[in-house]
There are 2 protein chains.
Amino acid sequence: MNRDEAIDLLKQKGYKATGKRKDILWFFEEADGYRTAKDLTRFMENNYEGISYDTIYRNLHLYHDVGILEATELNGEKHFRMNCTKHHHHHFICKDCGKTKEIAVCPMDDVINALSNYTIEDHKFEVYGLCPACKTA
Amino acid sequence: MNRDEAIDLLKQKGYKATGKRKDILWFFEEADGYRTAKDLTRFMENNYEGISYDTIYRNLHLYHDVGILEATELNGEKHFRMNCTKHHHHHFICKDCGKTKEIAVCPMDDVINALSNYTIEDHKFEVYGLCPACKTA
DNA sequence: TTACAAATCGTAATCATTACGATAATATGA
DNA sequence: TCATATTATCGTAATGATTACGATTTGTAA
């Protein structure tokens, strides 16, 4: 998902595309990886002095709810990134810079058979480490 | 790992096997699944009125550090369970009762080749849903 | 342009977790 | 067994991320 698609989705769902909301989208588009609420706050404060926590967290939740952002938990903090809705896949996540790389493998096909009498609602497969850039830095 | 093995490990590493520590092990052995610090606190308060947060969290960290407990993050709270050190595997985790079922599949072999210029430090594969007992309850 | 719903502000509250000085308990060697 | 050093625990306050809310401002559609 890119910024324009996200703005269209927002409007389509009856939400307003405010300046702050557009900037939040810009931030995540540029980030190209996982970022925390604190990261976003730091960025937003450059453009909007005294921006409220309420605004940060309300919009993060909104974007997550409508599918613009996806979330995961790293070191006890929620991290967000632009949602890739095109097809189901998982991520390698760099512990240094938060950038991600798509992983083609999804093991769920094998798992579903082995858990026939369980109700599967969700799953998480993530690989952590250092990306080539951070590895040599 | 069971309680006795855990106590041996503690002593071997120079830690004292106090009554509270033994009770914490008993709690996790009985639990047979993931539990939070709050769950443990509730249990411990029955036996030790006014037990300190310090004791709860210090021992959870200690047990995690020496490998008696393993941890994961569910709904923004750290959860702990007895560590299964026998062999590498992953878990189905019941969202209701926290109990786990071993999953034989590990997709990392396929992944390692696809990420040859990345440094892989860790990975997480978890499946969430309802176990047969909670499903019918 | 007006009106109204939605968004934001400013700030306090909450919740899990961490920290720390003072006190108590445990293991071990005499 | 007893003394003692070391570790564990207590009691409580602090921290840090997140949530909450009444008052105010802003965007959007008519």
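Per chain, numbering begins at 1; letters A, B, ... match sequence-line order.
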J.: Kindly write out the residues that satisfy salt bridge (Lys or Arg N to Asp or Glu O under 4.0 Å) with A:E73, not counting sequence neighbours, or none if the list is empty.
T.: none
J.: Any heavy-atom pair between the side chains of A:C84 and A:E102 that's under 4.5 Å?
T.: no
J.: I need the full list of side-chain hydrogen bond (donor to acceptor under 3.5 Å, both in side chains) pairs touching residues 107-117 of chain B, with sequence neighbours left out, sorted by first then second residue.
T.: none
J.: What is the distance, rounded to the nearest whole Å, between atom CD1 of A:I56 and atom P of D:dA20?
T.: 17 Å
J.: Look at the side-chain heavy atoms of Ile, Leu, Val, Met, Phe, Trp and Tyr, link any pair under 4.5 Å apart, and say whether A:Y48 and A:L62 land in one connected group.
T.: yes
J.: When the distance from CG of B:N59 to P of D:dT7 is rounded to whole Å, what number comes out?
T.: 14 Å
J.: Could you tell me how far apart A:L62 (CG) and D:dT19 (P) are, to the nearest whole angstrom?
T.: 14 Å
J.: Bend across the helix from C:dT1-D:dA30 to C:dA30-D:dT1, to 10°, with axes taken over 5 pairs at each end?
T.: 30°
J.: Taking only N/O atoms, report every protein-nucleotides 24-30 of chain D pair under 3.5 Å with atom names and distance.
T.:
unit_1	atom_1	unit_2	atom_2	d
D:dG27	N3	A:K16	NZ	3.4

J.: Which residues pass the side-chain contact (heavy atoms from CB on, under 4.5 Å) test with B:D8, sequence neighbours left out?
T.: none
J.: Polar atoms only, N or O, under 3.5 Å: list the protein pairs with nucleotides 13-18 of chain C and their distances.
T.:
unit_1	atom_1	unit_2	atom_2	d
C:dA16	OP1	B:K38	NZ	2.5
C:dT17	OP1	B:K78	N	3.3
C:dT17	OP2	B:Y57	OH	2.8
C:dT18	OP2	B:H61	NE2	3.0

J.: Can you check the B:Y63 OH to D:dA8 C1' distance for me, whole Å?
T.: 11 Å
J.: So, using salt bridge (Lys or Arg N to Asp or Glu O under 4.0 Å) as the criterion, who are the partners of B:E121 when residues are at least two apart?
T.: A:K95
J.: Find the distance B:D65:CG to D:dA8:P and express it as a whole number of Å.
T.: 13 Å
J.: Do B:I103 and B:H89 come close enough that some side-chain heavy atom pair is under 4.5 Å?
T.: no
J.: When you compare the side chain of A:I120 with that of A:M108, does any pair of heavy atoms fall below 4.5 Å?
T.: yes
J.: Find the distance A:Y48:OH to C:dG10:P and express it as a whole number of Å.
T.: 14 Å
J.: Could you tell me how the ring of B:Y57 sits relative to the ring of B:Y53: parallel (under 30°), tilted (30 to 60°) or perpendicular (over 60°)?
T.: tilted
J.: Taking only residues two or more places apart in sequence or in another chain, which ones pass side-chain contact (heavy atoms from CB on, under 4.5 Å) with A:E5?
T.: A:M1, A:N2, A:K86
J.: Base, sugar-phosphate, or nothing: which does A:G50 touch, judged by heavy atoms less than 4.0 Å apart?
T.: sugar-phosphate
J.: Got more than 12 heavy atoms from elsewhere within 6.0 Å of CG, A:D65?
T.: yes
J.: For B:R58 and D:dT9, is the shortest distance between a side-chain N/O and OP1 or OP2 below 4.0 Å?
T.: yes
J.: Whole angstroms only, please: what is the CG-C1' distance between B:L10 and D:dA8?
T.: 12 Å
J.: Under 4.0 Å from any atom of DNA chain D, heavy atoms only: list the residues of residues 20-30 of chain B that qualify, in numerical order.
T.: B:K20, B:R21
J.: Among residues two or more places apart or on two chains, list those pairs meeting side-chain hydrogen bond (donor to acceptor under 3.5 Å, both in side chains) that have a residue in residues 124-137 of chain B.
T.: B:T72-B:K124, B:T72-B:E126, B:E126-B:Y128
J.: With B:R35, which residues qualify under side-chain contact (heavy atoms from CB on, under 4.5 Å), at least two apart?
T.: B:F27, B:F28, B:A31, B:D39
J.: With sequence neighbours left out, what residues match A:E29 under salt bridge (Lys or Arg N to Asp or Glu O under 4.0 Å)?
T.: A:R3
